Amino acid sequence: MTTALIDEIEILREIKDREHSQDCWQWACDQVQTIDEARQCESPWPVDKVYLKELLDYYEAESLIAIPKSRRLMVSWSIALWSTWRARYHPYNAILIQSEKEEKSAYVIDKRCKYIEDHLIDPSMARSYHEIRTKAGMVGRMTYDDTGSYIQAIAQGADQVRGYTLSALIMDECEIQEKAHAALAAALPLVEDSKNAKLILIGTSNGPGGVLATMCRDVGFVKFS
């Protein structure tokens with residue numbers, strides 16, 4: 001392969017990377033692979049699931065988002081995708097993923113975010129990052145070298161949220177977090193005081209007492225499945 005051809009390939013790659021930095025969905029369709037747990041195999045990003053594109057648009061456009069989900073809709077994959085895209089392309093983002101326990105949050109980072117970055121269709125498009133593991137050995141934090149942005153796993157509770165100047169707090173499976181209401185109360189001022197911070201609640205629930213179920217009930221949405 002000649003030097004000129006190598007240079008041309010590199011230029012095209014840089015152009016494509018700039019396009020991906022502006023369009024999460026396009027990056028997913030061009031580069032991202034997932035794991036189909038049902039069939040236990042690697043799978044390209046499902047370009048036919050157009051509702052996922054709408055979800056990604058909501059993540060990027062809105063500040064306060066609540067998503068009652070059902071299984072097999074790939075909502076967790078979509079939030080991992082968006083978090084990874086934000087961290088790799090946007091500087092100085094602090095993205096926190098909060099679950100009942102730190103290890104559950106770390107599962108999203110280790111088995112979703114890290115997997116996405118490490119298994120791109122074109123490996124040369126991967127971006128370097130350094131990781132910090134939890135005591136149980138899962139990746140609990142990914143920090144991208146180019147942007148300084150990171151994705152971090154935290155346990156439930158308001159105390160876990162305080163102390164961060166967050167870019168996004170993702171409360172995953174918030175319905176089973178006993179301290180979800182307190183965490184929400186702690187996070188809301190942080191989001192309201194910032195033009196760019198985001199609060200995203202995701203959960204599977206039949207209600208009636210969870211923080212997400214309460215929100216849904218207030219707007220007339222009562223059936224989760």
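It should be emphasised that the depicted structure is a prediction, and the values quoted were computed from it without experimental measurement.
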Could you grab the distance from atom [atom1] of [X] to atom [atom2] of [Y], nearest 0.5 Å is fine?
X: Ile170; Y: Lys198; atom1: CD1; atom2: NZ; answer: 10.5 Å
X: Glu60; Y: Asp23; atom1: CD; atom2: CG; answer: 10.0 Å
X: Glu131; Y: Tyr129; atom1: CD; atom2: OH; answer: 5.0 Å
X: Met142; Y: Ser83; atom1: CE; atom2: OG; answer: 10.5 Å
X: Ser167; Y: Asn196; atom1: OG; atom2: CG; answer: 8.0 Å
X: His20; Y: Cys29; atom1: NE2; atom2: SG; answer: 9.0 Å

Practice prompt. Check whether more than 12 heavy atoms from other residues, nucleotides or ligands sit under 6.0 Å from atom OH of Tyr51, and answer yes or no.
Written response: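 Atom OH in Tyr51 is packed in, count exceeds 12.
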
Taking [Y] as the starting point, is it possible to reach [X] by hopping between hydrophobic residues whose side chains are less than 4.5 Å apart?
X: Tyr107; Y: Trp77; answer: no
X: Ile35; Y: Val108; answer: yes
X: Ile121; Y: Trp45; answer: no
X: Met138; Y: Ile151; answer: no
X: Leu169; Y: Leu64; answer: yes

I want to check something: taking the side chain as every heavy atom from C-beta on, are [X] and [Y] in contact at a cut-off of under 4.5 Å?
X: Ile200; Y: Trp82; answer: yes
X: Glu100; Y: Glu173; answer: no
X: Ser63; Y: Leu199; answer: no

Determine yes or no for a side-chain-to-main-chain donor-acceptor pair under 3.5 angstrom, with [X] supplying the side chain and [Y] the backbone.
X: Thr34; Y: Ser43; result: yes
X: Asn93; Y: Ile95; result: no
X: Gln33; Y: His119; result: yes
X: Gln98; Y: Ala153; result: no

Worksheet item: With ring centroids as reference points, do Trp85 and His90 lie under 6.0 angstrom apart?
Response: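 They qualify: ring centres under 6.0 Å apart.
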
Nearest atoms (heavy-atom pairs only) where [X] meets [Y]:
X: Ser99; Y: Ser105; value: N-OG, 2.8 Å
X: Leu52; Y: Leu73; value: CD2-O, 3.7 Å
X: Pro46; Y: Met74; value: CG-SD, 3.5 Å
X: Ser149; Y: Ala87; value: CB-O, 3.3 Å
X: Trp27; Y: Ile116; value: CH2-CG2, 3.7 Å
X: Leu120; Y: Arg88; value: CD1-NH2, 3.7 Å

Practice prompt. Check step by step if side-chain contact (heavy atoms from CB on, under 4.5 Å) holds for Asp122 and Arg13.
Written response: CA-CA 10 Å; Asp122 180 356; Arg13 184 178 290 124; 3.8 Å; yes

Practice prompt. Start with the C-alpha gap between Ile79 and Val75, add the side-chain angles, then the distance that decides, and say whether side-chain contact (heavy atoms from CB on, under 4.5 Å) holds.
Written response: CA-CA 6 Å; Ile79 202 64; Val75 174; 5.7 Å; no

Fill in: Test side-chain contact (heavy atoms from CB on, under 4.5 Å) applied to Tyr59 and Leu81, step by step
CA-CA 11 Å; Tyr59 298 153; Leu81 171 81; over 6 Å; no

Decide, yes or no, whether a salt bridge links [X] with [Y] under the criterion of side-chain N to carboxylate O below 4.0 Å.
X: Glu117; Y: Arg127; answer: no
X: Lys114; Y: Asp118; answer: yes
X: Lys135; Y: Glu103; answer: no
X: Asp57; Y: Lys53; answer: yes

Worksheet item: Yes or no on salt bridge (Lys or Arg N to Asp or Glu O under 4.0 Å) for Glu102 and Lys104, after CA distance, side-chain angles and deciding distance?
Response: CA-CA 5 Å; Glu102 182 189 30; Lys104 287 189 175 181; over 6 Å; no

Discussion item. Would Tyr144 and Thr147 count as a side-chain contact (heavy atoms from CB on, under 4.5 Å) here? Give the steps.
Written reply: CA-CA 6 Å; Tyr144 278 86; Thr147 62; 3.4 Å; yes

Worksheet item: Does NZ or CZ of Arg141 come closer than 6.0 Å to the centre of the six-membered ring of Tyr150, within 45° of the ring's axis?
Response: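 So Arg141 does make the cation-pi contact.
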
Practice prompt. Only counting residues at least two apart or in another chain, list the ones meeting salt bridge (charged side-chain N to carboxylate O under 4.0 Å, His left out) with Lys16.
Written response: Glu19, Asp30

Fill in: Distance-only donor-acceptor check, side chains Asp17 and Tyr89, under 3.5 Å
yes

